[in-house]
Amino acid sequence: MPSSPPPYVPAHGLLDGKTAVVTAAAGTGIGFAVAKRCAEEGARVLISDIHERRLAEAAERLGEVSGEVPPTVVCNVAVEEDVQRLFEVAVAELGHVDVMMNNAGLGGTANLVEMTDEQWFSVLDVTLNGTMRTTRAAMRHMMPRGSGVIVNNASVVGWRAQEGQAHYAAAKAGVMALTRCAALEAAHAGVRINAVAPSLAMHPFLAKVTTEELLEQLAAREAFGRGAEPWEVANVMVFLASDYSSYMTGEVVSVSSQHP
(Lines give C-alpha, C1' and ligand atoms only; values in the text may rest on other atoms or scores of the structure.)
Protein backbone atom coordinates (compact mmCIF):
# COMPACT_ATOMS: atom_id res chain seq x y z
CA MET A 1 0.00 0.00 0.00
CA PRO A 2 1.22 3.52 -0.74
CA SER A 3 2.46 5.39 2.31
CA SER A 4 1.12 8.81 3.25
CA PRO A 5 3.34 11.87 2.86
CA PRO A 6 5.00 12.92 6.13
CA PRO A 7 4.19 16.20 7.86
CA TYR A 8 5.79 19.29 6.38
CA VAL A 9 9.23 19.73 7.96
CA PRO A 10 9.75 22.98 9.90
CA ALA A 11 12.59 25.30 8.93
CA HIS A 12 15.98 25.13 10.61
CA GLY A 13 17.66 28.28 9.29
CA LEU A 14 19.86 26.36 6.86
CA LEU A 15 20.23 29.34 4.52
CA ASP A 16 20.26 32.21 7.02
CA GLY A 17 22.01 35.23 5.53
CA LYS A 18 22.24 33.67 2.05
CA THR A 19 20.88 34.86 -1.28
CA ALA A 20 19.30 32.47 -3.76
CA VAL A 21 18.10 32.54 -7.37
CA VAL A 22 15.55 29.92 -8.43
CA THR A 23 14.58 29.29 -12.05
CA ALA A 24 11.19 27.93 -13.18
CA ALA A 25 9.75 28.96 -9.82
CA ALA A 26 6.19 29.77 -10.91
CA GLY A 27 3.41 27.23 -10.64
CA THR A 28 2.91 24.38 -8.21
CA GLY A 29 5.89 22.10 -8.82
CA ILE A 30 9.41 21.65 -7.56
CA GLY A 31 10.57 25.15 -8.54
CA PHE A 32 8.07 26.99 -6.36
CA ALA A 33 8.62 24.48 -3.55
CA VAL A 34 12.37 25.19 -3.71
CA ALA A 35 11.85 28.95 -3.65
CA LYS A 36 9.46 28.64 -0.70
CA ARG A 37 11.85 26.37 1.21
CA CYS A 38 14.77 28.74 0.55
CA ALA A 39 12.75 31.65 1.91
CA GLU A 40 11.65 29.64 4.94
CA GLU A 41 15.26 28.67 5.62
CA GLY A 42 16.27 32.33 5.79
CA ALA A 43 17.48 33.15 2.27
CA ARG A 44 16.69 36.31 0.34
CA VAL A 45 15.24 34.95 -2.87
CA LEU A 46 14.87 36.08 -6.48
CA ILE A 47 12.65 33.93 -8.66
CA SER A 48 12.41 33.61 -12.43
CA ASP A 49 10.18 31.87 -14.93
CA ILE A 50 9.06 32.21 -18.52
CA HIS A 51 5.41 32.73 -17.50
CA GLU A 52 5.04 36.35 -16.37
CA ARG A 53 1.56 36.13 -14.82
CA ARG A 54 2.25 32.93 -12.89
CA LEU A 55 5.60 34.36 -11.79
CA ALA A 56 3.90 37.40 -10.27
CA GLU A 57 1.40 35.14 -8.49
CA ALA A 58 4.24 32.99 -7.12
CA ALA A 59 6.01 36.09 -5.83
CA GLU A 60 2.87 37.16 -3.97
CA ARG A 61 2.58 33.73 -2.34
CA LEU A 62 6.25 33.84 -1.33
CA GLY A 63 5.70 37.27 0.16
CA GLU A 64 3.30 35.66 2.61
CA VAL A 65 6.16 33.37 3.74
CA SER A 66 8.97 35.89 4.06
CA GLY A 67 6.99 39.05 4.74
CA GLU A 68 8.43 40.64 1.60
CA VAL A 69 7.52 40.02 -2.04
CA PRO A 70 10.73 38.78 -3.73
CA PRO A 71 12.09 40.32 -6.91
CA THR A 72 11.27 38.52 -10.14
CA VAL A 73 12.78 38.22 -13.62
CA VAL A 74 10.99 36.83 -16.65
CA CYS A 75 13.65 34.53 -18.10
CA ASN A 76 13.76 31.96 -20.87
CA VAL A 77 16.87 29.90 -20.10
CA ALA A 78 17.04 28.95 -23.78
CA VAL A 79 18.01 32.56 -24.53
CA GLU A 80 21.48 33.68 -23.45
CA GLU A 81 20.46 37.35 -23.25
CA ASP A 82 17.72 36.42 -20.77
CA VAL A 83 20.19 34.53 -18.60
CA GLN A 84 22.58 37.48 -18.60
CA ARG A 85 19.76 39.79 -17.59
CA LEU A 86 18.73 37.37 -14.84
CA PHE A 87 22.12 37.70 -13.19
CA GLU A 88 22.33 41.44 -13.75
CA VAL A 89 19.03 41.92 -11.93
CA ALA A 90 19.98 39.38 -9.23
CA VAL A 91 23.19 41.24 -8.44
CA ALA A 92 21.36 44.58 -8.47
CA GLU A 93 18.60 43.31 -6.16
CA LEU A 94 20.49 40.89 -3.91
CA GLY A 95 24.05 42.24 -4.03
CA HIS A 96 25.43 38.83 -4.99
CA VAL A 97 24.25 35.25 -5.52
CA ASP A 98 25.19 32.59 -2.96
CA VAL A 99 22.90 29.85 -4.26
CA MET A 100 21.77 29.05 -7.81
CA MET A 101 18.86 26.60 -8.06
CA ASN A 102 18.55 25.41 -11.66
CA ASN A 103 15.08 23.96 -11.94
CA ALA A 104 14.07 24.89 -15.51
CA GLY A 105 13.30 21.98 -17.81
CA LEU A 106 10.97 20.92 -20.58
CA GLY A 107 9.45 17.47 -20.97
CA GLY A 108 7.15 15.69 -23.38
CA THR A 109 6.35 12.23 -24.63
CA ALA A 110 7.18 10.98 -28.11
CA ASN A 111 8.64 7.76 -29.47
CA LEU A 112 11.92 8.38 -31.22
CA VAL A 113 10.75 7.05 -34.61
CA GLU A 114 7.98 9.65 -34.60
CA MET A 115 9.90 12.47 -32.92
CA THR A 116 10.59 15.61 -34.91
CA ASP A 117 13.82 17.57 -34.81
CA GLU A 118 11.86 20.41 -33.22
CA GLN A 119 10.65 18.18 -30.38
CA TRP A 120 14.16 16.87 -29.77
CA PHE A 121 15.91 20.24 -29.86
CA SER A 122 13.30 22.11 -27.82
CA VAL A 123 13.66 19.67 -24.91
CA LEU A 124 17.47 19.63 -25.15
CA ASP A 125 17.73 23.41 -25.43
CA VAL A 126 15.70 24.16 -22.30
CA THR A 127 16.61 21.18 -20.14
CA LEU A 128 20.30 20.71 -20.93
CA ASN A 129 21.47 23.85 -22.70
CA GLY A 130 19.44 26.05 -20.36
CA THR A 131 21.03 24.40 -17.34
CA MET A 132 24.43 24.89 -18.95
CA ARG A 133 23.73 28.60 -19.51
CA THR A 134 22.62 29.28 -15.95
CA THR A 135 25.38 27.12 -14.48
CA ARG A 136 27.98 28.94 -16.58
CA ALA A 137 26.63 32.34 -15.57
CA ALA A 138 26.59 31.35 -11.90
CA MET A 139 30.17 30.04 -12.09
CA ARG A 140 31.35 33.28 -13.69
CA HIS A 141 29.77 35.19 -10.81
CA MET A 142 30.73 32.86 -7.95
CA MET A 143 34.25 31.72 -8.79
CA PRO A 144 35.88 35.17 -8.55
CA ARG A 145 34.15 35.59 -5.16
CA GLY A 146 35.53 32.25 -3.97
CA SER A 147 32.19 30.87 -2.79
CA GLY A 148 28.79 29.73 -3.94
CA VAL A 149 26.66 26.68 -4.54
CA ILE A 150 24.83 25.50 -7.65
CA VAL A 151 22.14 22.82 -7.48
CA ASN A 152 20.82 21.34 -10.73
CA ASN A 153 17.60 19.42 -11.20
CA ALA A 154 18.23 16.18 -13.07
CA SER A 155 15.97 13.10 -13.13
CA VAL A 156 16.11 9.36 -12.57
CA VAL A 157 15.39 8.95 -16.30
CA GLY A 158 18.97 10.09 -16.82
CA TRP A 159 19.88 6.67 -15.37
CA ARG A 160 17.04 4.40 -16.43
CA ALA A 161 15.09 3.93 -19.65
CA GLN A 162 11.49 4.99 -20.19
CA GLU A 163 9.54 4.65 -23.41
CA GLY A 164 8.79 7.93 -25.12
CA GLN A 165 11.42 9.82 -23.12
CA ALA A 166 14.54 9.60 -25.31
CA HIS A 167 14.88 13.39 -25.58
CA TYR A 168 14.18 14.10 -21.92
CA ALA A 169 16.35 11.21 -20.70
CA ALA A 170 19.25 12.32 -22.91
CA ALA A 171 18.91 15.88 -21.61
CA LYS A 172 18.82 14.83 -17.96
CA ALA A 173 21.77 12.45 -18.41
CA GLY A 174 23.54 15.46 -19.88
CA VAL A 175 22.68 17.54 -16.81
CA MET A 176 24.29 14.86 -14.64
CA ALA A 177 27.48 14.86 -16.73
CA LEU A 178 27.51 18.66 -16.84
CA THR A 179 27.23 18.76 -13.04
CA ARG A 180 30.15 16.39 -12.51
CA CYS A 181 32.47 18.14 -14.96
CA ALA A 182 31.59 21.67 -13.88
CA ALA A 183 32.10 20.68 -10.24
CA LEU A 184 35.71 19.72 -10.92
CA GLU A 185 36.33 23.02 -12.68
CA ALA A 186 34.82 25.06 -9.84
CA ALA A 187 36.19 23.20 -6.81
CA HIS A 188 39.49 25.08 -6.64
CA ALA A 189 37.53 28.33 -6.35
CA GLY A 190 35.44 27.09 -3.45
CA VAL A 191 32.26 26.67 -5.50
CA ARG A 192 30.23 23.46 -5.14
CA ILE A 193 27.95 22.02 -7.84
CA ASN A 194 25.59 19.11 -7.23
CA ALA A 195 22.34 17.78 -8.64
CA VAL A 196 19.23 15.96 -7.52
CA ALA A 197 17.52 13.20 -9.50
CA PRO A 198 13.83 13.05 -8.61
CA SER A 199 11.42 10.56 -10.09
CA LEU A 200 7.74 11.39 -9.68
CA ALA A 201 6.92 14.62 -7.81
CA MET A 202 3.17 15.03 -7.58
CA HIS A 203 1.54 18.42 -8.22
CA PRO A 204 -1.67 19.62 -9.91
CA PHE A 205 -0.12 20.55 -13.26
CA LEU A 206 1.49 17.13 -13.64
CA ALA A 207 -1.85 15.48 -12.95
CA LYS A 208 -3.40 17.52 -15.79
CA VAL A 209 -0.83 16.52 -18.44
CA THR A 210 -0.16 12.89 -17.43
CA THR A 211 -2.55 9.96 -17.60
CA GLU A 212 -3.69 8.42 -14.35
CA GLU A 213 -2.45 5.04 -15.57
CA LEU A 214 1.10 6.30 -16.11
CA LEU A 215 1.13 8.07 -12.75
CA GLU A 216 0.09 4.84 -11.06
CA GLN A 217 2.81 2.90 -12.90
CA LEU A 218 5.49 5.39 -11.90
CA ALA A 219 4.33 5.50 -8.29
CA ALA A 220 4.39 1.71 -8.12
CA ARG A 221 8.12 1.75 -8.93
CA GLU A 222 8.86 3.71 -5.78
CA ALA A 223 9.69 2.10 -2.45
CA PHE A 224 7.04 4.22 -0.71
CA GLY A 225 4.45 3.41 -3.37
CA ARG A 226 3.81 7.10 -4.04
CA GLY A 227 5.31 10.05 -5.76
CA ALA A 228 7.30 12.59 -3.78
CA GLU A 229 5.75 15.81 -2.60
CA PRO A 230 7.53 18.72 -4.36
CA TRP A 231 8.72 19.98 -0.98
CA GLU A 232 10.42 16.63 -0.29
CA VAL A 233 12.59 17.22 -3.36
CA ALA A 234 13.08 20.86 -2.35
CA ASN A 235 14.36 19.77 1.06
CA VAL A 236 17.18 17.80 -0.54
CA MET A 237 18.06 20.69 -2.85
CA VAL A 238 18.21 23.06 0.12
CA PHE A 239 20.42 20.59 2.00
CA LEU A 240 22.82 20.55 -0.96
CA ALA A 241 22.79 24.36 -0.98
CA SER A 242 23.52 24.56 2.74
CA ASP A 243 26.77 24.32 4.66
CA TYR A 244 25.71 20.87 5.90
CA SER A 245 26.86 19.48 2.53
CA SER A 246 30.18 21.33 2.50
CA TYR A 247 32.21 18.29 1.38
CA MET A 248 29.84 17.29 -1.43
CA THR A 249 30.46 18.35 -5.01
CA GLY A 250 29.94 16.67 -8.36
CA GLU A 251 27.27 14.41 -6.83
CA VAL A 252 23.89 13.42 -8.22
CA VAL A 253 21.59 12.58 -5.32
CA SER A 254 18.59 10.37 -6.08
CA VAL A 255 15.39 11.61 -4.47
CA SER A 256 13.81 8.28 -5.31
CA SER A 257 14.35 4.60 -4.68
CA GLN A 258 15.43 4.34 -8.32
CA HIS A 259 19.13 4.77 -8.94
CA PRO A 260 22.03 2.69 -10.36
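None of these values were measured; they are calculated from a predicted model.
Within 6.0 Å of OH in Y8 there are more than 12 heavy atoms belonging to other residues, nucleotides or ligands. Atom CG of D117 is surrounded by 12 or fewer heavy atoms from other residues, nucleotides or ligands within 6.0 Å. Sparse packing is recorded around CD of E52, with 12 or fewer heavy atoms of other residues, nucleotides or ligands lying under 6.0 Å away.
Contact annotation: the side chain of R192 never approaches that of I150 to less than 4.5 Å [non-hydrogen atoms, C-beta and beyond].
Under a 3.5 Å cut-off, the side chain of H51 and the backbone N or O of A26 do not form any donor-acceptor pair. Judged by distance alone, the side chain of R85 and the main-chain N or O of C75 form no donor-acceptor pair under 3.5 Å. The closest donor-acceptor contact from the side chain of E40 to the backbone of P10 lies at 3.5 Å or more, if one exists at all. At least one donor-acceptor pair closer than 3.5 Å links the side chain of N194 to the backbone N or O of G250. Looking only at distances, no side-chain donor or acceptor of S256 sits under 3.5 Å from a matching main-chain atom of P198. One N or O on the side chain of S257 and one on the backbone of A223 form a donor-acceptor pair closer than 3.5 Å. Remark: the backbone N or O of T131 is paired with a side-chain donor or acceptor of T134 at under 3.5 angstrom.
What you find for V149 and L240 is that their closest heavy atoms are CG1-O, 3.4 Å.
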Exercise for the section: Could you check V233 against R37 for side chain to side chain contact (heavy atoms under 4.5 Å, CB included), going step by step and ending with a plain yes or no? Expected result: CA-CA 10 Å; V233 179; R37 185 88 268 187; over 6 Å; no
Exercise for the section: Apply side chain to side chain contact (heavy atoms under 4.5 Å, CB included) to N152 and I193, showing your working. Expected result: CA-CA 8 Å; N152 295 327; I193 307 175; 4.0 Å; yes
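Checked against side-chain hydrogen bond (donor to acceptor under 3.5 Å, both in side chains), R160 has the following partners two or more places apart in sequence or in another chain: Q162, Q258.
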